[in-house]
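Beneath this line is the structure, given in structure tokens, with notes to follow.
Throughout, numbering of the chain's residues begins at 1 and tracks the sequence. All values below were derived from every heavy atom in this structure, side-chain atoms included, with hydrogens, water molecules and symmetry-related copies excluded.
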Amino acid sequence: MAGLIERFQAAIGASAVLTAPADTAPYLTDWRGRYRGRALAVLRPATTAEVAAVVRLCSETGTPMVPQGGNTGLVGGGTPDDSGRAVVISLGRLRAVRTLDTANNTITVEAGCLLAEVQAAASEAGRLFPLSLAAEGSCTIGGNLSTNAGGVQVLRYGNTRDLTLGLEVVLPSGEVWSGLRGLRKDNTGYDLKQLFIGAEGTLGFITAAVLKLYPQPSAKATAWLALTDPAAAVMLLAAAQARFDARLTAFELVSASTLALVLKHIPGARSPLTTVPVWSVLLELSDGGSQEELADALTAFVGLALEDGTVIDGALAQSQAQAAQFWALRENASEAQKVEGISIKHDVSVPVSSIPDFLDRAGKALAIAFPGVRIVAFGHLGDGNLHYNLSLPEAAANAGLIDRQAEANRIVHDLVDHQLGGSISAEHGVGQLKRDELTRYKSPLALELMRSVKRALDPQGLMNPGKVISSTI
Ligand SMILES: Cc1cc2nc3c(=O)[nH]c(=O)nc-3n(C[C@H](O)[C@H](O)[C@H](O)COP(=O)(O)OP(=O)(O)OC[C@H]3O[C@@H](n4cnc5c(N)ncnc54)[C@H](O)[C@@H]3O)c2cc1C
């Protein structure tokens, strides 16, 4: 290993090789502060060629590599282990928008572009890049691709995977695979890009991508609605889909406990209604027509839902600023929980029809196992995806709760997977947090197929070791 740091410095410049503790610290812990690791160095290459150069050095010297984007991941995927042997390779300096093709409706961007920058570049060209999540000001497109991020518009536009046409990847050997094609049809064998999307940096470094663009909507109508229970929310979703089809672009569920935390911790947050509803739905429509017509259509729809009792109260945003206030209540849910203190987090999906059953059964079982537990549930109801987080109202008691995480996981994950046919990771990925859980819920054959892919692409096991799958043997 002697001289490795100097070789990195020669490859990408001394200022792009961080070794001082004060410089490396932000890269060695995760957004929630739950994981902490150590690293030989943090490398900040600025081009695909520089990424390839440092990866070749790592491959040659058997140095483990941990890719990192904006470091907003919620499963510890971008945090190195505590051996101090790995290098963190941050893609944050690969920040160019390479091309934007309005006729093909595609944008080609480098991995370190912030999601908000990609959205802005699309918007400047009169297009929409529809991936949208609360961390968009700090997460990178490379991280979004590597976690197959979801967010608030999956209902209409799909996950990051659905928005991707091509990738450029630096393989663990240092070779560059260029699959940067903007094609909507290409049946020439295995679709290799799909391997790297959602791989959480265990198979290679995504350095650039060709992404789909859509027409920018000219009208948006947003409502905050109060409901008595999740079954009413599922009924409302079906009615909204039947009435609005693709114009329904978001349908989010927020529990009273979630909204209460946001109101408590986020400065300026105010409930749109006079009370904090037991359950709220944030519903948004968008289309290319007139603002007035869309707002009228939503008003009429909500009026009918109030009449038949599906909805018990509601507020329709009267301006974009008010819509943004509604959205801030939903989007600050993770931040408010972070301020409140540590919690046990679940990111699950079940068929939309099973959401009420899940909430009922999980709630009852947890109340018995953990008397007094507070459940903070919210999420993308339209996708059957809930963030289902547990804490105790006494913040000091939460360390004891975290120690019993395995017990809580058993209740929630067994119900989700074994009984409701759902997934234990809907959109955040596996990382370190759910690596061992995966072995319980994936079949031995599925795990072996995953290990075969890993061995084929990363025979030395250098890419993000300890994440997603525990061992390749
Ligand atoms: C407030 C908040 C709200 C969130 N809301 C959502 C949400 O609604 N939906 C959702 O899906 N997620 C959400 N997340 C999680 C997170 O923002 C996403 O997982 C995001 O996609 C991570 O991007 P990043 O650039 O921060 O990646 P990082 O955290 O840096 O990395 C994530 C994983 O990808 C790997 N990786 C990063 N870049 C690359 C690359 N270029 N090549 C190969 N591997 C790479 C890392 O090794 C790691 O395993 C939220 C997070 C926060 C803090």
**Message:** When you compare the side chains of Ser123 and Gln119, does any donor N or O come within less than 3.5 Å of an acceptor on the partner?
**Reply:** no
**Message:** Are Asp287 and Thr249 packed together at the side-chain level, in the sense that at least one heavy-atom pair is separated by less than 4.5 angstrom?
**Reply:** no
**Request:** For Cys139 and Glu136, work out which heavy atoms get closest and say how close.
**Result:** SG-CA, 3.8 Å
**Prompt:** CG/Asn159 to OG1/Thr147 distance, rounded to the nearest 0.5 angstrom?
**Reply:** 9.5 Å
**Message:** Within the structure provided, determine whether Leu420 and Arg361 are in side-chain contact (heavy-atom separation under 4.5 Å).
**Reply:** yes
**Request:** Check whether any side-chain heavy atom of Phe301 lies under 4.5 Å from a side-chain heavy atom of Val311, and answer yes or no.
**Result:** no
**Asked** With under 30° as parallel and over 60° as perpendicular, where do the rings of His418 and Tyr441 fit, or are they tilted in between?
**Response** tilted
**Prompt:** How about Asp458 and Met65: do any of their side-chain heavy atoms sit closer than 4.5 Å?
**Reply:** no
**Request:** For His380 and Glu427, test the side chains for any donor-to-acceptor distance below 3.5 angstrom and give the result as yes or no.
**Result:** yes
**Asked** Measuring from Ser349:OG to Ile355:CD1, what's the distance to the nearest 0.5 Å?
**Response** 8.5 Å
**Request:** Find out whether Leu236 and Leu227 are in side-chain contact, i.e. whether some heavy atom of one side chain is under 4.5 Å from a heavy atom of the other.
**Result:** yes
**Message:** So for atom NZ, which belongs to Lys442, do other residues, nucleotides or ligands contribute more than 12 heavy atoms lying within a distance under 6.0 Å?
**Reply:** no
**Asked** Judged by atom type as modelled, is there a donor-acceptor pair below 3.5 Å linking the side chain of Ser255 to the main-chain atoms of Ala377?
**Response** yes
**Item:** Least distance between heavy atoms, Ile411 atom then Ala369 atom
**Value:** CD1-CB, 3.7 Å
**Request:** Rounded to the nearest 0.5 Å, what's the gap from CD1 on Ile424 to CG on Leu415? Could you check?
**Result:** 13.0 Å
**Message:** Distance check, rounded to the nearest 0.5 Å: Asp191 atom CG versus Ile197 atom CD1?
**Reply:** 7.5 Å
**Prompt:** Can any side-chain N or O of Asp383 pair as donor or acceptor with the backbone N or O of Leu155 at less than 3.5 Å?
**Reply:** yes
**Item:** Residues, nucleotides or ligands: over 12 heavy atoms within 6.0 Å of Met450 CE
**Value:** yes
**Asked** Would you call Glu437-Arg410 a salt bridge at under 4.0 Å N-O?
**Response** yes
**Greater than 12 external heavy atoms within 6.0 Å of Gln320's CD** = no
**Request:** Just do the side-chain contact (heavy atoms from CB on, under 4.5 Å) check on Leu386 and Leu253 with the steps written out, would you?
**Result:** CA-CA 8 Å; Leu386 285 180; Leu253 185 70; 4.2 Å; yes
**Message:** Test your reading of the model: is there a side-chain donor-acceptor pair from Asp360 to the backbone of Asp357, 3.5 Å cut-off?
**Reply:** no
**Request:** Output yes when a side-chain donor or acceptor of Lys434 lies under 3.5 Å from a complementary backbone atom of Ser425, and no otherwise.
**Result:** no
**Main-chain N/O of Ile375 paired to Ser257 side chain as donor or acceptor, under 3.5 Å** = yes
**Asked** Glu284 and Thr222: side-chain donor and acceptor closer than 3.5 Å?
**Response** yes
**Item:** Pairwise side-chain contact, Val453 with Leu203, heavy-atom cut-off 4.5 Å (strictly under)
**Value:** yes
**Item:** Interatomic spacing from CG in Leu163 to CG in Leu131 - rounded to 0.5 Å
**Value:** 6.0 Å
**Request:** Taking Lys467 for its side chain and Thr79 for its backbone only, find out whether a donor-acceptor pair lies under 3.5 Å.
**Result:** yes
**Request:** Measure up the His387 and His428 rings against each other and bin them: parallel (under 30°), tilted (30 to 60°), perpendicular (over 60°).
**Result:** parallel
**Item:** Step-by-step side-chain contact (heavy atoms from CB on, under 4.5 Å) determination, Ser146 to Phe196
**Value:** CA-CA 7 Å; Ser146 300; Phe196 301 97; over 6 Å; no
**Prompt:** Between Ser391 and Arg374, is any side-chain donor less than 3.5 angstrom from a side-chain acceptor?
**Reply:** yes
**Prompt:** Gln68 side chain to Gly78 main-chain N or O, any donor-acceptor pair under 3.5 Å?
**Reply:** yes
**Message:** Applying side-chain contact (heavy atoms from CB on, under 4.5 Å) to Ser138 and Trp31, what does each step give before you reach the verdict?
**Reply:** CA-CA 11 Å; Ser138 22; Trp31 186 81; over 6 Å; no
**Message:** Can you confirm whether Leu259 sits close enough to Pro277 that some side-chain heavy atom of one is under 4.5 Å from a side-chain heavy atom of the other?
**Reply:** yes
**Message:** Test your reading of the model: is there a side-chain donor-acceptor pair from Asn104 to the backbone of Gly182, 3.5 Å cut-off?
**Reply:** yes
**Fill in**
When rounded to the nearest 0.5 Å, the distance separating CG of Asp30 from OH of Tyr35 is 7.5 Å
**Request:** Would you mind reporting whether His265 and Glu335 have side-chain heavy atoms less than 4.5 Å apart?
**Result:** no
**Asked** So with a 6.0 Å cut-off around CD of Glu407, is the heavy-atom count from everything else above 12?
**Response** yes
**Request:** Report the C-alpha separation of Leu74 and Asp347 in whole Å, then their side-chain angles, then the decisive distance to 0.1 Å, and conclude whether the side-chain contact (heavy atoms from CB on, under 4.5 Å) test is met.
**Result:** CA-CA 10 Å; Leu74 297 174; Asp347 161 39; over 6 Å; no
**Exam field: side chain Asn464 to backbone Gly77, donor-acceptor pair closer than 3.5 Å** = yes
**Item:** Atom CD of Glu293 with >12 non-hydrogen neighbours under 6.0 angstrom
**Value:** no
**Request:** List the atom of Pro272, the atom of Trp224, and the distance in Å for their closest heavy-atom pair.
**Result:** CG-CG, 3.5 Å
**Asked** Is the number of heavy atoms from other residues, nucleotides or ligands under 6.0 Å of Arg404 CZ greater than 12?
**Response** yes
**Complete:** Nearest heavy-atom approach of Ile141 to Phe129 is CD1-CE2, 3.8 Å
**Complete:** Closest heavy-atom pair, Ala121 versus Leu100, reported as atoms and distance to 0.1 Å, is O-CD1, 3.6 Å
**Request:** Please report the shortest heavy-atom distance between Ser334 and Phe378, naming the atom on each side.
**Result:** OG-CZ, 4.2 Å
**Asked** Is there a donor-acceptor pair closer than 3.5 Å between any side-chain N or O of Asn71 and the backbone N or O of Pro26?
**Response** yes
**Asked** Would you call Glu252 and Arg330 a salt bridge, taking side-chain N to carboxylate O under 4.0 Å as the test?
**Response** yes
